[in-house]
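One-based numbering, in listed order, for ligands and for the atoms of each. All values derive from a computational prediction rather than experimental measurement.
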Amino acid sequence: KQPVPKELHLGMFEIGRPLGKGKFGRVYLARERESGFVCALKVLHKDEIRQGEVEKQVAREIEIQSNLRHPNVLQLYGHFHDRKRIFLILEYAGKGELYKHLQRQDRFPEWKAARYIAQMASALGYLHRKHVIHRDIKPENILVGLHGELKMSDFGWSVHAPSGRRLTMCGTLDYLPPEMVDPKRSSKPYNDKVDIWALGVLMYEFLVGRAPFEDTPNMTHRRIAKGDMSIPSFVSPEATDLIKKLLILDSDQRISLEKVRQHPWIIKHCESVAKQDKS
Ligand SMILES: CS(=O)(=O)NCc1cccc(-c2cn3c(Cl)cnc3c(Nc3ccc(N4CCOCC4)cc3)n2)c1
């Protein structure tokens with residue numbers, strides 16, 4: 001349950017260890033004194049935001065994320081500010097960054113990848129129904145909850161651990177769909193189908209351990225525009241089928257999130273979870 005405080009200020013929190021730091025601030029473990037409620041406190045520095053000319057983006061991200069409630073979307077409980085800083089009170093994701101788990105395991109077994117993709121498809125379906133798109137769903141922007149569930153947490157700033165992470169620039173490139181890499185190709189502005197493409201890139205990266213179009217920056221551009229990727233033979237036929245239905249150049253032809261949830265590869269691995277739960 002969430003604290004329903006009268007008014008928010010820094011003094012009401014005990015600040016714990018830093019969880020990560022980034023371009024626009026740091027994330028700390030925190031506990032609300034009165035209720036003992038554990039959360040993550042993201043601190044953004046106003047002067048850096050002003051310099052970065054991103055005030056409007058911060059306001060928009062706070063507006064969007066405050067109105068979202070979904071088990072696979074990191075919750076923003078509230079925010080407040082003092083003279084120098086803006087504070088976001090966020091849900092604490094007990095198992096940290098998905099990026100680290102993927103780095104450590106090289107790639108995920110198909111049953112784990114299928115569950116993760118099902119969770120992301122569920123979160124995206126929720127966002128799209130609320131007309132929120134382009135959540136930039138690369139591994140760097142996904143956290144893992146205490147029970148291993150994924151939490152989309154990219155609203156605004158992905159914070160960076162001190163460790164050597166992929167530069168935001170090329171990370172972003174890997175996940176761009178053809179209609180954004182090559183805007184003259186399609187006149188229409190991008191729509192929620194960009195998330196379906198990104199889901200395909202994410203699924204590929206979970207199963208193979210690298211992104212499908214990973215290359216030098218301008219080679220990546222070219223390969224995305226042509227849909228030039230190959231799927232290794234160790235990927236099962238069902239998984240291969242779903243990747244191909246997600247990574248379709250023509251955004252209108254891409255599989256819908258509803259169809260993703262009903263795909264044999266998802267059913268096979270997620271149904272077993274249902275059976276386990278029943279047994
Ligand atoms: C090197 S690291 O993994 O320790 N820290 C990297 C890093 C960078 C940017 C943002 C975060 C981050 C943001 N969070 C938000 Cl927002 C909510 N919960 C978390 C959140 N939660 C979190 C939970 C557990 C851990 N542990 C688990 C035990 O092993 C060490 C890391 C880290 C972060 N982390 C973490």
task = Mark the output for Lys100 as yes if a heavy-atom distance to ligand 1 is under 4.0 Å, and as no if none is.
result =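 It does; at least one heavy atom falls under 4.0 Å.
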task = Give a yes/no verdict on whether any heavy atom in Arg17 is under 4.0 Å from an atom of ligand 1.
result =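 Heavy atoms of Arg17 do come under 4.0 Å of ligand 1.
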message = Just to be sure I read this right, does ligand 1 sit under 4.0 Å from the backbone of Glu91, its side chain, both, or neither, counting only heavy atoms?
response =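 Backbone only.
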message = Taking 4.0 Å as the limit for heavy-atom contacts, which would you say applies to Ala40 with ligand 1: side chain only, backbone only, both, or neither?
response =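 Contact part for Ala40 vs ligand 1: side chain (C-beta onward).
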task = I would like to know whether Arg254 and Glu179 meet salt bridge (charged side-chain N to carboxylate O under 4.0 Å, His left out); could you show each step before the answer?
result = CA-CA 13 Å; Arg254 283 173 208 152; Glu179 62 268 26; 2.7 Å; yes
query = Using the benzene-type ring in the case of Trp, are the ring centres of Phe213 and Trp197 under 6.0 Å apart?
reply =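 So the answer is yes for these two rings.
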request  = Kindly say whether the aromatic ring centers of Phe13 and Tyr28 come within a distance under 6.0 Å.
outcome  =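 Here the rings of Tyr28 and Phe13 have centres that are no less than 6.0 Å from each other.
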Have a look at [options] and point out the one with the heavy atom closest to [atom].
{"atom": "atom 4 (O) of ligand 1", "options": "Leu90, Leu88, Leu29, Leu19", "result": "Leu19"}
{"atom": "atom 16 (Cl) of ligand 1", "options": "Leu74, Leu41, Val144", "result": "Leu74"}
{"atom": "atom 24 (C) of ligand 1", "options": "Gly94, Pro18, Cys39", "result": "Gly94"}

request  = Would you mind listing which atoms of ligand 1 come within a distance below 4.0 Å of any non-hydrogen atom of Gly20?
outcome  =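 Taking each heavy atom of Gly20 in turn, ligand 1 has 7 (C), 8 (C), 9 (C) under 4.0 Å.
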request  = Test Tyr175 against every option in Lys138, Glu140, Glu205 by the side chain to side chain donor-acceptor pair (under 3.5 Å) rule and name the one that passes.
outcome  =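 Among the candidates, only Glu205 passes.
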ask   = Based purely on interatomic distance, does Leu143 place a nitrogen or oxygen under 3.5 Å from a nitrogen or oxygen of ligand 1?
value =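 N/O-N/O distance under 3.5 Å: no.
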message = Is it the case that the side chain of Lys151 and the backbone of Asn72 share a donor-acceptor pair, with hydrogens and angles ignored and the cut-off at 3.5 Å?
response =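 Checking the backbone N and O of Asn72 against the side chain of Lys151, no donor-acceptor pair under 3.5 Å is found.
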message = Using only atom types and a distance under 3.5 Å, with no angle test, would you say the side chain of Arg26 pairs donor to acceptor with the backbone of Val43?
response =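 Not at all, since once roles are kept as given, no pair shorter than 3.5 Å links the two residues.
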task = Nearest 0.5 Å please: distance from the OH atom of Tyr204 over to the CG atom of Leu246.
result =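 If I round to the nearest 0.5 Å, the distance is 14.0 Å.
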